[in-house]
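Here is the naming used below: chain letters follow the sequence lines, and residue numbers restart at 1 for every chain.
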Amino acid sequence: MADPIESHVDLAALPKEERLSRMRHSAAHVLAEAMVELMPEAELGIGPPIDTGFYYDFRLPRPLNADDLVWLEERMRRSIAGKHAFRMSALTKAEAEAKWAAQPFKLDLLKDLEEGNVTQCTHAAFTDLCRGGHVNDTGEIPAFKLMSIAGAYWRGSEKNPQLQRVYGALFESQDELDAYEQQLEEARRRDHRRIGRDLKLFDLIENIGPGHVIWLPAGATIRRELMRWIEDLEIERGYQHIVTPNVGKKELYVRSGHWSHYQEAMYPIMEREGEIYALRPMNCPSHIMVYESELHSYRELPIRLAELGNMHRWEKSGQLTGMSRVRIMTLNDSHIFCTGPEQVEEEIAGVLHLMEEVYGTLGLRNYSYRLSLGDPDDKEKYVDNPPMWEMGEALLRRVMQQSGLEFYEAKGEAAFYGPKIDVQFQTAAGKDETLVTIQVDFHLPAQFELEYVAEDGTRQRPIIVHRGVLSTMERMVALLIEEYEGNFPLWLSPVQAVVIPIADRHVAYAEEVAKELRAAKLRVEVDGRNERMNGKIRDAQMRKIPYMLVVGDREAEARAAAVRVRGGGDLGATPVVDIVAKLRGERDAKALVPGVFKDA
RNA sequence: GCCUCCGUGGCUCAGUUGGCAGAGCAGCCGUUUCGUAAAUGGCAGGUCGUCGGUUCGAGUCCGACCGGAGGCUCCA
């Protein structure tokens, strides 16, 4: 017989997070109640709270549709209006197994529960296996909305059956729920796929193949500016740039371990004249070949080999997303060959500094550092060498602690050959995405039997630091589009200024103005179309061009232009020489917002 | 890859119960020569993602495939 458990809770006294979590979890119960009424054959999975609400997983006799969501939500609201109490009680394992005999997922959950630890929760006519964490009665469930239907594997493993997941949003007030929906709308506005098309930055053409980015002239300009910039920063820091091929022989990848650990993520293999080639999924093996091609002295190390190298990965079709998840990408990559742990620490500290500088200049703020660890139990995913993992993880942890930067740790997120520091960004849609990684690698040096000649003449094994800073050009530009909402800083703007002649007779002068700006390597267009000035301004605004230089009779007379800043600011008539100086200064300072920069 | 949904000119969308493919913007040709977010007239543009099926007849119904979106799994 079930024993009741006292579970009254004073919601107002709880921290908001705990209160919300109880409300969300309770709402999931009410969703399940509604679902078993809609489809009595429904098999129940789990229904936890999440950041924005809750979900519940079900195996159902048929696919859910939008009308079902409307019905379920209605039914939930009735249950909420009924103010049914949530009652927790304990039962024995045997009782529970009998009770959920027809519920395979509940039985699966029960297997992991210890006797004496089995509890259930009842509200209205519905009882679910549950460890608790509810509000007192359904009436305490506040503003919510069923959002979407999705597929999800039972217990998150693709080896298990796939269930239908219903997502709900839930907040304490209707205002907060409305704000959340507005936030989703805002995310859609900032979506790099939409802006990328509107501003003609990039394209994905069906016949070229999914995940294969076409950089249109405007996008290619942004990409080129970023690449020039990062290469210059690297040169200042002692990096040497190399260029290596996009393909390599099978033997190279067998030796690196990619063949056995990474092959399903590689493009199909090529074969000719009895030789097998692969499109490279990573640049490390090629860079190692460069290191290996000569004998190195400890005096040369650290050797920092860098390349804006192309990588080719057969991402699963369902995983491709605009420019942020693609199949062919260009990574701002480098491999730093170090003599030992001390040098590794110094080098990683240097990389972290560079990251802070680069992200600071780009105005990026929503990121955090994650120490991604291996999983000793997962011998399939990771190379099996426990001491190597322990050494690498301890080393990275020490560097992060010394850097003074905040970080958190995550198990099972490492690369197959070693632990890493991931830079995690929040996308416009609120999702966490890895931008770049820093990895310590003892594995590849061993695989390739790399050496350097130490001070005492002996041969020693170097340690490799793998690192990106700007990430792949694809993912970085996707992120920047969303960050700036397409309003790029002057230095990155594909077109930095458009000269707008008021009438046809001003076109010649407009060309002269443009010529002066171009002499300063500014990217300028003249809008000589047969349009009214208002129309040209509107078009320039929509194209998010930082500066509009309006020229009419008065300006032509004074060798000036009326300067309008993107967003509406009017700087008034300004001599062309001053405009050139101002834009140059703003560009070279990489100012984030046009019109604000003041020349020192 | 898996689950659900979606696919009509370059873009955004309309298209009744299956009955002759439409609009706005963009483009092109004119007219207008204009002072800070859309002047105006005309023209052109679509094998309705592809292939197959049902039907007298398919944009519309069915199937497969391709592509996209949201999830799951995986990852820069």
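Within the 4.0 angstrom heavy-atom criterion, no nucleotide atom of any strand lies near A/K200. Using a 4.0 Å heavy-atom cutoff across all strands shown, A/E555 reaches at least one base atom of the nucleic acid. Counting non-hydrogen atoms under 4.0 angstrom, A/I537 reaches a base of the nucleic acid. A/G552 comes within 4.0 angstrom of a nucleotide base, judged by non-hydrogen atoms across all strands. Within the 4.0 angstrom heavy-atom criterion, no nucleotide atom of any strand lies near A/A265. Nucleic acid contact for A/S471: sugar-phosphate only, since backbone atoms but no base atoms lie under 4.0 Å from a heavy atom of the residue. Residue A/G568 is classed as having no contact, given no heavy-atom separation below 4.0 Å to the nucleic acid.
A/R62 has a carboxylate O that lies under 4.0 Å from a charged side-chain N of A/D68, or vice versa, which qualifies the two as a salt bridge. A salt bridge links A/R304 with A/E347: the closest approach of a Lys/Arg side-chain nitrogen to an acidic carboxylate oxygen falls below 4.0 angstrom. Salt bridge A/K431/A/E482: absent, no basic N to carboxylate O contact under 4.0 Å. Using a cutoff of 4.0 Å between basic side-chain nitrogens and carboxylate oxygens, A/R327 and A/E315 are not scored as salt-bridged.
Using a 30° and 60° split on the angle between ring planes, A/F58 and A/Y56 fall in the parallel class, below 30°. A tilted orientation is assigned to the rings of A/F105 and A/W154, their planes being inclined by 30° to 60°.
Side-chain N/O atoms of A/R475 include none lying less than 4.0 angstrom from OP1 or OP2 on B/A76. For B/C72, the OP1/OP2 oxygens have a side-chain nitrogen or oxygen of A/Y167 closer than 4.0 Å. Dashed line: the shortest gap from a side-chain N or O of A/K431 to OP1 or OP2 of B/G71 is under 4.0 Å. Not one side-chain nitrogen or oxygen of A/K316 sits closer than 4.0 Å to the OP1 or OP2 atom of B/C72. In terms of phosphate contacts, A/R188 brings no side-chain nitrogen or oxygen within less than 4.0 Å of OP1 or OP2 of B/A69. The shortest distance between the side-chain N/O atoms of A/R193 and the OP1/OP2 oxygens of B/A69 is below 4.0 Å.
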May I have the list of side-chain donor-acceptor pairs in residues 193-207 of chain A shorter than 3.5 Å, sequence neighbours left out?
from, atom 1, to, atom 2, distance (Å)
A/R193, NE, A/D191, OD1, 3.0
A/R193, NE, A/D191, OD2, 3.3
A/R193, NH2, A/D191, OD2, 2.6
A/R194, NH1, A/D198, OD2, 3.1
A/R194, NH2, A/R189, O, 3.0

Only pairs under 3.5 Å count here: list side-chain donor-acceptor contacts from residues 42-54 of chain A, not counting sequence neighbours, and write none if there are none.
from, atom 1, to, atom 2, distance (Å)
A/E43, OE1, A/R59, NE, 2.9
A/E43, OE1, A/R59, NH2, 3.0

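The nucleotide whose nearest atom lies closest to any side-chain atom of A/R197 is, among B/C74, B/G35, B/U12, B/U12. For A/Q541, the side-chain atoms get nearest to B/A37 when compared with the rest of B/A37, B/A39, B/C75. Picking from B/G35, B/C66, B/C74 the nucleotide with the shortest atom distance to the side chain of A/M533 gives B/G35. Taking the side chain of A/V550 as heavy atoms from C-beta on, and the options B/A76, B/G67, B/U36, the nearest nucleotide is B/U36. Closest to the side chain of A/D504, from the set B/C2, B/C75, B/U33, is B/U33. The A/D570 side chain lies nearest to B/U36 when the options are B/C34, B/C2, B/U36.
Residue A/L199 contributes atom CG, which lies 16 Å from atom P of B/A26 at whole-angstrom precision. We find that CD1 of A/I214 is positioned 16 Å from C1' of B/G10, with the value rounded to whole Å. The nearest whole Å value for the distance from the CZ atom in A/R529 to the C1' atom in B/C34 is 14 Å.
Remark: the A/S157 side chain and the A/R155 side chain contain no N/O donor-acceptor pair separated by less than 3.5 Å.
In terms of polar N and O atoms assigned as donor or acceptor, the side chain of A/R532 never comes within less than 3.5 Å of the base of B/A39 in a complementary pairing. The base of B/A76 lies close enough to the side chain of A/E315 for a donor and an acceptor atom to sit less than 3.5 Å apart. The base of B/A76 lies outside donor-acceptor range of the side chain of A/R327, with no N or O pair under 3.5 Å.
Residues meeting the side-chain contact (heavy atoms from CB on, under 4.5 Å) test with A/R188, sequence neighbours left out: A/L184, A/E185. Considering only residues two or more places apart in sequence or on other chains, A/R75 meets the side-chain contact (heavy atoms from CB on, under 4.5 Å) condition with A/E33, A/A34, A/E37, A/W71, A/R78, A/S79.
Secondary structure note: stems in RNA chain B built from 3 or more consecutive Watson-Crick or G-U wobble pairs under 3.5 Å occupy B:1-7 with B:66-72, B:10-13 with B:22-25, B:27-31 with B:39-43, B:49-53 with B:61-65.
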Polar atom pairs between nucleotides 3-5 of chain B and protein, under 3.5 Å, N or O only, would you list them?
from, atom 1, to, atom 2, distance (Å)
B/C3, O4', A/Q162, OE1, 2.4
B/C3, O2, A/G151, N, 3.2

